[in-house]
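Remarks on the structure that follows.
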Amino acid sequence: MSQPRVERAATCMLCEAACGLSVDLEGGRAVSVRGDRDDPFSRGHVCPKAAAIDDVASDPDRVRTPLRRVPGTEDRWEPVTWSEALEEAGTRLAAVQARHGRGALGLYLGNPTVHSYTAMLGASLLSRAIGSRARFSATSVDQLPQMLASLEMLGHSLLLPIPDVDRTSFLLVIGANPRASNGSLMTAPGIGARLDALAARGGKLVVVDPRRTETAARADLHLAVRPGGDAHLLLGVLHVIFAEGLAAPGRLAGFTDGLDRLAAIAARFTPERVAARAGIDAQAIRTLARDFARAPRAVCYARVGACTQEHGGLVAWLVLALNVVTGNLDRPGGAMFTTPAADLVGLLAKSGDRGGFARYRSRVRGLPEFGGELPSAALAEELDTPGKGQVRALVTFAGNPVLSTPNGGRLDRALAGLDFMVSIDLYRNETTRHANLILPTTFGFEREHFDLAFNALAVRDVAKLAPALVPPPPGVRHDFDVLVGLAQALRRHGGGRPGAATTLTLAGARALGPRRALDAMLRLGPRRTSLAALARAPHGVDYGPLEARLPGRLFTEDRRIRLVPALFEGDLARLEATLEGPRAQESLELIGRRLLRSNNSWMHNALRLVKGRAACTLLVHPDDAAQRGLATGDVALVRSRVGEVRVAVELSDDVARGVVCLPHGYGHDRPAVALSVARAHAGASLNDLSDELRVDALSGNAAFSGTPVFVAKA
Ligand SMILES: Nc1nc2c(c(=O)[nH]1)N[C@H]1C(S)=C(S)[C@@H](COP(=O)(O)OP(=O)(O)OC[C@H]3O[C@@H](n4cnc5c(=O)[nH]c(N)nc54)[C@H](O)[C@@H]3O)O[C@H]1N2
Ligand SMILES: Nc1nc2c(c(=O)[nH]1)N[C@H]1C(S)=C(S)[C@@H](COP(=O)(O)OP(=O)(O)OC[C@H]3O[C@@H](n4cnc5c(=O)[nH]c(N)nc54)[C@H](O)[C@@H]3O)O[C@H]1N2
Ligand code: SF4
Ligand SMILES: [Mo]
């Protein structure tokens with residue numbers, strides 16, 4: 001007998017926009033998903049991916065019971081019970097630590113971790129229980145430089161300024177494509193409509209990007225920067241602002257140190273000096289500087305393209321500095337700070353944790369630690385380089401580093417050589433196929449949802465609690481239970497960090513559960529709310545536009561902004577060395593792209609998102625194509641220092657001459673990958689070309705942008 005259809009409010013957990021959803025439930029499934037018009041923040045906006053949440057949940061390829069790889073085989077898997085799986089995991093991982101030291105067990109946390117508050121809490125417990133420095137995450141292939149700038153300048157790595165898009169009159173976007181990504185470190189559901197509104201009120205949008213993206217194509221101005229040339233551009237902009245007396249920090253001057261010092265630095269970088277490396281002519285740099293400085297309310301906003309490059313740290317610093325110098329930090333229409341209902345930043349700071357940098361370094365290459373993690377660009381070498389401290393066992397949670405970290409090919413091979421590996425994931429994919437055990441978790445509407453991370457990064461102060469709506473498949477467990485259960489199993493067998501505290505904390509945390517922790521955070525938070533209160537507002541609560549928070553919200557010792565941290569100033573010599581260097585002959589510079597119907601590496605098994613025209617194509621400028629005898633539809637051989645791929649070519653003058661562009665997250669046609677739909681739309685992996693040795697030498701973040709490649713007809 002069919003059950004009646006009911007409609008419920010939910011939140012999309014796929015990307016940072018956190019759109020409100022209206023979900024029709026029938027027979028324990030989400031049979032229809034629409035935008036929730038009653039959500040005060042997203043007002044009905046959704047993108048095509050939301051409908052695929054149920055595709056993942058009901059995917060026949062989804063792992064629904066713990067799986068053990070049959071010893072000695074690479075592609076035979078057998079179901080095991082949870083107690084067998086956790087026992088085996090605990091025994092084997094503890095044995096590796098007993099034999100080779102605690103640091104021999106590594107942990108990699110993937111992007112979806114931050115889309116589940118229960119996973120965030122559970123992962124931090126597991127990480128502490130493991131007690132190893134070999135921790136890695138998607139942070140160091142993403143926003144690390146921006147967190148570093150916040151740590152150095154504002155005193156807390158998680159105090160990230162958010163562009164006040166709804167009230168600005170000049171939005172300068174560097175290395176972001178919100179019309180495809182739906183916004184990042186800027187939770188702004190319906191960003192397309194918000195950008196349209198900016199234009200409608202007479203505001204300006206300028207996009208700095210080597211490709212004429214969906215966002216750039218509809219901007220007032222597109223500046224086709226050369227990959228990795230943004231710090232040069234920004235120094236030129238600051239030069240003009242100081243030289244022409246346009247600096248106007250306003251009230252910020254009362255609590256900012258280093259304005260004169262920054263002026264002196266900027267004086268060295270005339271637009272003429274930086275133009276060639278930036279790929280933008282001096283006059284355009286001057287105009288940009290004047291327009292930005294003179295706009296009544298302006299904000300410079302940078303994201304992935306600005307971070308994942310050789311000068312990511314400098315760019316992040318200069319972006320924040322530009323907002324300060326023009327008085328746009330912490331004022332409406334500028335870059336502002338949230339007052340989130342669950343204030344993780346404030347709570348961490350109270351416990352003495354503001355983040356940290358370079359407190360120790362990685363074993364093989366000496367790359368700096370950040371926030372208790374090592375750069376993911378060092379993951380493969382930490383696994384495959386013999387010696388004391390070599391990582392011999394790994395736990396991955398919600399990550400696919402074979403497709404998402406630089407030189408994924410090397411990591412792919414390194415994973416095959418591990419003594420033991422446990423993956424907590426929904427799928428048997430390019431990474432988890434190497435695991436000895438795959439532990440499956442709940443997903444999507446099977447979990448209660450509260451955006452611990454993204455409510456704190458939103459363009460308005462909002463909060464929303466969405467209950468679990470559908471029952472999980474019987475064989476899976478909640479992410480929190482799996483993470484903490486694994487930690488307990490490890491401790492039971494004598495692994496991990498010794499001391500009763502850990503064991504007791506784990507037992508206590510398991511007994512209390514993540515809801516109690518969240519409720520306490522909400523009650524202690526600035527909104528003095530609670531789970532119960534939020535449950536009474538199923539479409540979410542909108543506390544209003546962002547409010548000025550400085551200097552009170554600063555976490556530096558003296559509550560002052562440090563405009564010129566020595567760390568960044570010291571890195572300028574490296575940038576100056578690039579000013580004269582000619583571009584390598586013959587090689588092209590590879591950049592990535594995101595597609596609206598894709599989400600990093602893991603949604604290509606949803607037919608509704610991958611059907612139609614092949615998405616994983618190499619964009620080549622017609623002039624570069626002509627030189628190589630390439631036409632649209634040809635297969636190109638693309639080779640870098642680390643690997644080569646074959647991929648279909650698409651001619652496009654959206655990319656600047658000398659630049660080629662391939663999306664990341666593809667390359668699904670490997671043995672033992674159980675993704676039947678994705679395999680038929682496999683594409684090639686951008687990260688089989690990206691180079692793990694190319695990092696931002698300052699921060700250790702991966703430098704994907706501008707990887708030199710040779711392209712020829714296959
Ligand atoms: N549809 C979809 N949405 C997503 C994701 C997805 O995979 N698909 N992923 C989510 C995640 S994890 C994140 S972090 C966000 C990212 O959100 P965004 O940062 O907005 O995403 P991208 O589209 O990667 O934008 C980066 C831009 O930088 C440009 N770029 C590359 N190199 C350079 C450079 O050297 N300088 C400059 N100025 N620009 C450069 C690229 O051409 C690209 O347009 O998106 C999230 N949303
Ligand atoms: N060249 C290049 N590389 C990039 C980027 C780029 O722009 N260019 N972008 C980088 C960025 S910004 C990011 S964030 C990283 C992402 O890198 P990763 O986080 O390593 O990779 P994802 O593709 O997000 O993989 C997510 C994994 O989590 C699983 N998963 C999804 N939901 C759940 C869940 O609820 N529970 C559990 N247990 N598992 C789940 C999926 O099956 C998948 O295996 O990629 C980075 N890599
Ligand atoms: S924009 Fe992001 S949050 Fe909104 S529906 Fe699409 S994937 Fe979900
Ligand atoms: Mo990301």
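First listed ligand is number 1; within each ligand, the first listed atom is number 1.
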So, [X] and [Y], do they make that salt bridge, N to O below 4.0 Å?
X      : Y      : value
Arg679 : Glu430 : no
Asp691 : Arg641 : yes
Arg574 : Asp696 : yes
Arg226 : Asp281 : no
Arg433 : Asp412 : yes

From the options [options], select the one whose nearest heavy atom is closest to [atom].
atom                    : options                       : result
atom 43 (C) of ligand 2 : Phe136, Trp602, Phe704        : Trp602
atom 30 (N) of ligand 1 : Ser705, Ala17, Pro210, Ser184 : Pro210
atom 33 (C) of ligand 2 : Leu426, Val63, Thr308         : Leu426
atom 39 (N) of ligand 2 : Ala398, Pro663, Ser423        : Ala398

Say whether [X] and ligand 1 are in contact under the criterion: heavy-atom distance to a ligand atom below 4.0 Å.
X      : result
Ala306 : no
Asn182 : no
Lys49  : yes
Arg593 : no

* Asked: What atoms of ligand 1 come closer than 4.0 angstrom to any heavy atom of Ser598?
  ->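 Within the 4.0 Å cut-off of Ser598, ligand 1 contributes 1 (N), 2 (C), 6 (C), 7 (O), 8 (N).
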Can you report which non-hydrogen protein atom sits closest to [atom], along with the distance?
atom                    : answer
atom 19 (O) of ligand 2 : Asn111 N, 2.6 Å
atom 10 (C) of ligand 2 : Val141 O, 3.3 Å
atom 23 (O) of ligand 2 : Ser601 OG, 2.5 Å
atom 42 (O) of ligand 2 : Asp425 OD1, 2.6 Å
atom 3 (N) of ligand 2  : Asn687 ND2, 3.0 Å
atom 4 (C) of ligand 1  : Ser181 O, 3.6 Å
atom 47 (N) of ligand 2 : Ser404 O, 2.7 Å
atom 11 (C) of ligand 2 : Arg594 NH2, 3.5 Å
atom 21 (O) of ligand 2 : Asn400 N, 3.5 Å

* **Asp230-Gln309 side chain donor-acceptor pair, cut-off 3.5 Å** =>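 Short answer, yes.
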* **Flag for Ser601-Asn400: side-chain donor and acceptor within less than 3.5 Å** =>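 Yes - a donor-acceptor pair under 3.5 Å links their side chains.
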* Asked: So, the side chain of Ser423 versus the backbone of Ala435: is there a donor-acceptor pair under 3.5 Å, distance only?
  -> no
Where does [X] meet ligand 1, judged by heavy-atom distances below 4.0 Å: at the side chain, the backbone, both, or neither?
X      : value
Val225 : side chain
Asp230 : side chain
Thr215 : neither
Val304 : both

Residue portion contacting ligand 2 (non-hydrogen atoms closer than 4.0 Å) for [X]:
X      : answer
Thr432 : neither
Pro112 : side chain
Thr441 : side chain

Could you tell me, atom by atom, which parts of ligand 2 come under 4.0 Å of a heavy atom of [X]?
X      : value
Arg447 : 35 (O)
Gly110 : 19 (O)
Tyr108 : 17 (O), 18 (P), 20 (O)
Ile424 : 38 (N)
Asp142 : 12 (S), 14 (S)

